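Everything quoted here is computed from the prediction, not taken from an experiment. Both counts, for ligands and for their atoms, begin at 1 and track the order of listing.
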Amino acid sequence: MAKIIDLRSDTITLPTPGMRQAMAAAEVGDDVFGEDPTVRALEVRTAAWLGKEAALFVVSGTMANQVAVRTHTEPGDEVILEANAHIYYYEGGGAAALSGAQCRCLPGRRGRFSAAEVEAVLRPADPHFPPARLICLENTHNRGGGSIWPIEQIAELAGLARRRGLRMHLDGARLWNASVATGIPEREYAAHFDSLSVCFSKGLGAPVGSAVAGTREFIARARRFRKQFGGGMRQAGIIAAGALYALEHQRARLAEDHANAQTLAHGLAKLPGIEMDPATVETNIVCFRVKYACAAQWIKQLNAAGVRLLAISADTLRAVTHLNVSAEEVKLALDVIAAQKFNSEMLP
Ligand code: TLP
């Protein structure tokens, strides 16, 4: 069988030879005792990169977000976010289960919403109402198709949050992509937030690991919740070394993923049966609607032909470009997609 071209997610990326070497050579210690020098180095480097006082290494983006939500809130507090936000949509009900938070979902446009829309749902202090505590944004926005938040719009939301006594958290799993695409450094985005999460294990290509960053005080409290959630790790320097390597050596190449996503989007836009506006593709995520046959049938048929995509709704597919897919393979994937036969009789 021909080589499989796996565009399901940038989470499937494999460690590079240089990364494996760095991991094998990592100095380690017991990180729960604060004795792992490589974890420490990664936390210090990440905090500096993001312009925050401190950072905490965690196993996943989900844990980074959920530790942050728990650190900001008490049970019964309201968290305002967009209806397709990863924190709400894809984290197993974590905000409710782990923090007892009530999520107030706003409808977004490709994941984005305005300060006026938040203001419209804020309620006065009154025993009837849960106190609104936290606003969460996602940049880039996954289900928004890798969309980037304009920094002016973030600044407006941060201004509102300050005036109304709310905190701001950024799910920055793919903040690197936003920064590489816009040229706006991560720290400039981060400056508008009290806390943010970042992932080393998506486009950057590390096998495991994310971080949450914020003030020293915030991170000290977050460290307790990481332990409570079972996320205290021991000789974690082995994986932290991969993350550190990813940050130092594999960030700039994200521009290649963005260029490959453009090739894919423009190619898809020409195919019958696909609804795709390439202007909506801003980073490495390409979401498109299929007209004939449901998304699940497309997935099945493409899988058999060696191209893997993800169905993110009944009629929408997602392709993500990454480290392990070359420009050549993206063109090959397009040929495979173009060769498929679908018709409206296949609709359920
Ligand atoms: N997203 C995954 C799936 O969970 C959908 C993917 O394939 O894109 N924030 C954002 C914006 C994410 O996209 C993800 C992962 C996470 C957080 C969670 O990261 P992990 O998978 O490390 O828990």
Quiz prompt | Hydrophobic cluster partners of I285 (side-chain heavy atoms under 4.5 Å) | solution = V320
Quiz prompt | Residues in salt bridge (Lys or Arg N to Asp or Glu O under 4.0 Å) contact with E188, at least two apart in sequence or another chain | solution = none
Exercise. Compare every heavy atom of R70 with every heavy atom of T73, then report the nearest pair and how far apart it is.
Key: O-NH1, 2.8 Å
Quiz item: Would you say the side chains of H128 and D126 form a donor-acceptor pair under 3.5 Å?
Solution: yes
Self-check item: F193: ring-ring contact (aromatic ring centres under 6.0 Å, His included) partners, not counting sequence neighbours
Solution: none
Practice problem: Can you label the angle between the F288 ring and the W298 ring as parallel, tilted or perpendicular, going by 30° and 60°? | Solution: perpendicular
Kindly print each ligand 1 N/O atom paired with any protein N/O atom under 3.5 angstrom away, one pair per line, or none if nothing qualifies.
residue, atom, partner, partner atom, Å
ligand 1, 1 (N), H86, NE2, 3.2
ligand 1, 4 (O), H86, NE2, 2.9
ligand 1, 7 (O), S9, OG, 2.7
ligand 1, 7 (O), R318, NH2, 2.9
ligand 1, 8 (O), N142, ND2, 3.0
ligand 1, 8 (O), R174, NH2, 2.8
ligand 1, 8 (O), R318, NH1, 2.9
ligand 1, 8 (O), R318, NH2, 3.4
ligand 1, 9 (N), D171, OD1, 3.0
ligand 1, 9 (N), D171, OD2, 2.7
ligand 1, 13 (O), N142, ND2, 2.9
ligand 1, 13 (O), R174, NH1, 2.8
ligand 1, 19 (O), K202, NZ, 2.9
ligand 1, 22 (O), G61, N, 2.8
ligand 1, 22 (O), K202, NZ, 3.3
ligand 1, 23 (O), G61, N, 3.4
ligand 1, 23 (O), T62, N, 2.9
ligand 1, 23 (O), T62, OG1, 2.6

